[in-house]
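Heads up: the structure comes next, in structure tokens.
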Number of protein chains: 2
Amino acid sequence: MVLRSKESAGRPAGKTARPPVKERLLHVATRLFARHGFESTSVQDIVDAAGVTKGAMYHYYGSKDDLLYEVYHQVLTMQTSHLDQIAAGQGTAEERLRLAAADVVQTSLDNLDDMIVFFRSLHMLPEDKQTQVRAERRAYQEKFKALVDEGVAAGTFRSDISSDIVVHYFLSVVNQLGSWFKPDGSLSPGQVGDLFTELLIGGLAVR
Amino acid sequence: MVLRSKESAGRPAGKTARPPVKERLLHVATRLFARHGFESTSVQDIVDAAGVTKGAMYHYYGSKDDLLYEVYHQVLTMQTSHLDQIAAGQGTAEERLRLAAADVVQTSLDNLDDMIVFFRSLHMLPEDKQTQVRAERRAYQEKFKALVDEGVAAGTFRSDISSDIVVHYFLSVVNQLGSWFKPDGSLSPGQVGDLFTELLIGGLAVR
DNA sequence: GGCGTCATACCGTCCGGTCGGTCTTAAATT
DNA sequence: AATTTAAGACCGACCGGACGGTATGACGCC
């Protein structure tokens with residue numbers, strides 16, 4: 001059987017220069033997971049969309065789950081690093097909390113597909129990876145909580161609402177962004193971030 | 001022939017009075033969907049847990065999707081009726097919004113399994129049913145939004161934050177309850193409702 | 001000529017859904 | 001009152017096909 005090797009490994013394809021196969025797989029997988037759900041997306045769907053075959057995918061990723069885990073790891077790593085930078089910065093606790101809140105909304109909206117997958121398919125991960133993701137997320141929450149606590153200690157924020165609850169409260173808002181935000185809507189990611197930040201700080205402020 | 005008829009229509013069963021098969025199926029299905037996800041729960045799992053066979057399930061429900069739809073329909077219907085009652089009640093807009101917010105948190109926590117399924121598996125419904133659920137949910141949001149608008153018109157709430165955003169903001173919090181709340185934790189559903197209500201009203205109040 | 005990068009063909013499993021049939025109970029008929 | 005009929009409730013074996021994963025090998029590049 002002659003295999004005419006469609007277009008071989010060369011990537012001067014007619015279309016836009018496509019990123020390497022590994023990244024491409026993760027990207028299209030994220031997109032498909034977000035659109036149709038993890039379980040409704042078959043490995044075949046993914047490789048078709050990426051223009052390769054299963055052999056390629058199982059060469060780079062150990063399993064379909066691996067692909068999912070990468071989504072989580074990637075976005076969590078980025079947001080944690082952002083938060084670290086902001087928390088270590090200057091300004092009052094309120095100022096830094098404002099920055100952190102606006103930033104997490106912004107970056108989440110910039111990676112909407114990841115967020116949709118994130119909050120919807122965590123339970124599909126195998127137990128061990130799920131534990132790891134939860135740990136990473138918990139670490140993020142703790143850093144966020146520390147900022148709130150700082151503001152409480154400084155007397156800027158009200159002390160009668162546990163900071164744990166506040167963190168759950170606000171991060172819930174962030175996690176749900178993917179379920180209603182439309183990029184072509186009237187509000188930009190930045191505007192949404194500012195408004196949500198206002199609502200958060202308002203709720204925290206001593207009256 | 002004496003009808004010993006296992007337990008016939010009467011349910012003086014030896015065990016705890018079990019609800020009729022149809023309700024039992026929906027109940028165990030909700031539980032399993034919440035624990036393991038819709039797609040990871042096979043019809044066989046459901047009927048096993050309910051103590052019947054597939055024949056019984058397909059006798060009462062047209063498909064596995066039907067079961068899922070019932071979950072949504074049930075909880076949305078209940079919460080909408082609650083909201084209608086509260087909105088039509090007496091008191092200022094702020095008072096009624098407080099009641100509505102606390103109530104939706106409370107009822108959501110009382111039906112945690114439903115909420116978990118709700119925000120996680122909507123995309124698994126066939127298109128037409130999905131559209132219908134979205135419409136029902138939209139109706140709920142609109143009623144909630146009306147309450148906010150009332151408060152803005154009355155000058156109680158700040159007018160520089162679109163009420164649409166506020167509704168998305170707060171209902172996000174509600175929809176995510178299932179992802180962190182533990183019934184055996186230190187906070188009761190009522191307390192969580194009160195705290196979240198405080199945070200919401202605080203964010204809305206004119207400073 | 002060995003190694004990374006993929007393609008192709010294939011396998012075993014599982015799952016939603018179907019379908020013919022049985023048992024019980026109530027209504028209709030005799 | 002006895003018998004037949006009808007209908008609902010439920011059983012359980014079975015099917016078709018999709019899906020995740022694997023095994024093997026071709027092809028280019030150092």
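A note on names: the letters A, B, ... follow the listed sequences, proteins ahead of strands, and every chain is numbered from 1. Given the structure is predicted, the values throughout are model-derived calculations rather than measurements.
Atom CZ of residue A:Arg137 and atom CZ of residue A:Phe118 lie 5.0 Å apart, to the nearest 0.5 angstrom.
Whole-Å rounding puts the B:Leu68 CG to C:dG16 C1' distance at 15 Å. Computed from coordinates, the B:Glu39 CD to D:dG20 C1' distance equals 16 Å when rounded to whole Å. Going from atom CD of A:Gln44 over to atom P of D:dA18 covers 12 Å, rounded to whole Å. Between the CG atom of B:Asp45 and the C1' atom of C:dG17 there is a distance of 16 Å, rounded to whole Å. Atom CG of A:Asp48 is separated from atom C1' of D:dC19 by 13 Å (rounded to the nearest Å). Rounded to an integer number of Å, the gap from B:Lys22 NZ to D:dC10 P is 11 Å. Regarding B:Phe33, its CZ atom lies at a distance of 12 Å from the C1' atom of C:dG16, rounded to whole Å.
In this model, a donor atom of one side chain and an acceptor atom of the other lie less than 3.5 Å apart for A:Ser163 and A:Asp149. Between A:Ser81 and A:Asp84, the side chains place no donor N or O within less than 3.5 Å of an acceptor N or O (distance only, hydrogens not considered). A side-chain N or O of A:Tyr69 and one of A:Gln132 form a donor-acceptor pair less than 3.5 Å apart. Using modelled atom types and a 3.5 Å distance limit, the side chains of B:Ser108 and B:Gln79 yield a donor-acceptor pair.
The residue B:Thr41 sits close only to the backbone: its heavy atoms come under 4.0 Å of sugar-phosphate atoms, none of a base.
Inter-residue side-chain proximity for B:Val52 and B:Met57 is flagged as unmet; no heavy-atom pair is nearer than 4.5 Å.
Residues from residues 49-67 of chain B that place a heavy atom under 4.0 Å from any atom of DNA chain C, listed by number: B:Lys54, B:Tyr58, B:Ser63, B:Lys64.
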